[in-house]
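Encoded as structure tokens, the structure appears first; notes follow it.
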There are 2 protein chains.
Amino acid sequence: MKTSTQKTGYHHGDLRKSLVETAQAMLKEDGIECLSLRKLAVRVGVSRTAPYHHFKDKNALLCAIAQNGFEQWTSMTKETFSQQHKTLPEQYRDFVRGYIGFATTNPELYDLMFGRTIWKQNAATESLKEVAYPSFQYQVQLTRRWQQEGVMPKNLDSLRLAQVTWGTLHGIARLLIDGIYADNSHIEEMCDVTVAMFTRSLVS
Amino acid sequence: MKTSTQKTGYHHGDLRKSLVETAQAMLKEDGIECLSLRKLAVRVGVSRTAPYHHFKDKNALLCAIAQNGFEQWTSMTKETFSQQHKTLPEQYRDFVRGYIGFATTNPELYDLMFGRTIWKQNAATESLKEVAYPSFQYQVQLTRRWQQEGVMPKNLDSLRLAQVTWGTLHGIARLLIDGIYADNSHIEEMCDVTVAMFTRSLVS
DNA sequence: AAAACAATGTTGACAGTGTCAAGTTACATG
DNA sequence: CATGTAACTTGACACTGTCAACATTGTTTT
């Protein structure tokens, strides 16, 4: 009869889930540099080293959060492409806006998902890779389709084109969330220019 | 008769310069997460808190390194545009390659110059801003010129276009140096596709 | 030249971090 | 009920940035 959220005082119930959720909340509130395992433990109401029974180290916890993020991102993106009544260029525009919107709405999460903290030293968990790699591949598939449908130039290598177009979205996202584009009031226009440059079909 | 590199035993000579140079070397060798003030002090041969007489805090030291980086970057870029015998599209291609080359050759420095560590909490030193802002502006000027010369589309707002094109370079650079594009063997091709997308004049 | 001062360097201390080792409690299974 | 294991706790360690108090050196003023 024990539910996963039940607490006994000593045993927490479902500490792993609590840790990820609370950590994600703390991440959103105060940024990654303020997220420490010890503060997290206090907030969850558990001792400093309890998290180590559920995560090998801090990196593994961060990977779990990022994994969460990829699942959110994937479901959001798939929804964009379920709008069958829209033209492909319109869908691409929505995709671009959605991508940048996701990044600016969840800057710290985006940083974790696509930032050096996890990827640079090849620190990604296996289970994170299983979620992240397909979503990288997904962008190449999309690009190939847009090329076939004539939305993007056909003469360019799909992989390279995908790298460049994704690079653009990533770059704009990063410049926004890292505080280099201090002014966040022209995001839509930037998206539109991006679409115009890559598709030449919505804006003149 | 005292030169700036002279040492007396107690007084160092030119500690500030030594700190920046050694820190930049350590940054390049082991990455930013391994760069601590204490290790730096040991390597320079000085006590832990000596750096505080030359830099308000660690952030100020990082800003000084970044400032160095901007000066390097600016002089490198200006050189690209001094190649008068080349056509404008060729110059743009060289600029793109130079930009990505700078980032991949000095990944940690690039991260410091254009990353969240400094910019996100508005932690940039005044003297860093004096160097960095003009080099941001410089990219807008370049874009405007390329539009006037017909290399880039004239109908788009220069600022937005500059944001997108720079965003592309920044995004590709970040994906490379953050370890998300694990394969570094097709950088030139990515640059060429970028040029093709934005200028449509070198590659078909 | 002596004295006062400012710049530069040092040691000690503190709070904070991630993480390991050893012990404790609660639950599950024979 | 006994035993084992998973979950959790306290103690400890090395490391970090930074402050306060003190020491040394170089410079300026009397």
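Every chain is numbered from 1 and lettered A, B, ... according to where its sequence line falls, protein lines coming before strand lines.
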Taking only residues two or more places apart in sequence, or in another chain, which ones meet A:Tyr52 in a ring-ring contact (aromatic ring centres under 6.0 Å, His included)? none

May I ask you to list the residues of residues 108-119 of chain B, by number, that have any heavy atom positioned under 4.0 Å from an atom of DNA chain C? none

From NZ of A:Lys39 across to C1' of C:dA15 the rounded distance in Å is 12 Å

Salt bridge or not for A:Glu29 and A:Arg43, using N-O below 4.0 Å? yes

With sequence neighbours excluded, residues passing side-chain contact (heavy atoms from CB on, under 4.5 Å) with B:His186: A:Arg160, B:Asp183, B:Glu189

What residues form a salt bridge (Lys or Arg N to Asp or Glu O under 4.0 Å) with B:Asp178, not counting sequence neighbours? A:Arg116, B:Arg174

Any donor-acceptor N or O pair under 3.5 Å, side chains A:Gln24, A:Asn68: yes

Whole-Å distance between D:dA6 C1' and A:Arg16 CZ? 15 Å

Using the ring pair (Phe, Tyr, Trp, His ring centres under 6.0 Å) definition, which of the options B:Phe198, B:Trp146, B:Tyr138 pairs with B:Phe95? B:Trp146

Rounding to a whole Å, what distance do you find between A:Arg38:CZ and D:dC13:C1'? 11 Å

Just how far, in rounded Å, is C1' of C:dA7 from CG of B:Leu15? 12 Å

Are any of the side-chain nitrogens in B:Arg93 or B:Glu90 under 4.0 Å away from the carboxylate oxygens of its partner? no

When you measure from the side chain of B:Ser47, which nucleotide among D:dT18, C:dG9, C:dG18 comes out closest? C:dG9

Side-chain contact check for A:Leu37: nearest option of D:dG17, C:dG9, C:dG18 is C:dG18

Starting at CD of A:Glu33 and ending at P of C:dG18, how long is that distance when rounded to a whole Å? 13 Å

B:Leu40 CG - D:dC15 C1' separation (whole Å): 16 Å

Side-chain donor/acceptor contact of B:Arg48 with base of C:dG9 under 3.5 Å: no

Apply ring-ring contact (aromatic ring centres under 6.0 Å, His included) to A:Trp119 and A:Phe136, showing your working. CA-CA 13 Å; A:Trp119 298 105; A:Phe136 295 162; 5.8 Å; yes

I'd like to check the ring-ring contact (aromatic ring centres under 6.0 Å, His included) partners of B:Tyr110; sequence neighbours left out, ordered by chain and number. B:Tyr99, B:Phe114, B:His170

Which ones in residues 49-68 of chain B lie close to DNA chain D, meaning a heavy atom under 4.0 Å from one of its atoms? B:Thr49, B:Tyr52, B:Asp57, B:Lys58

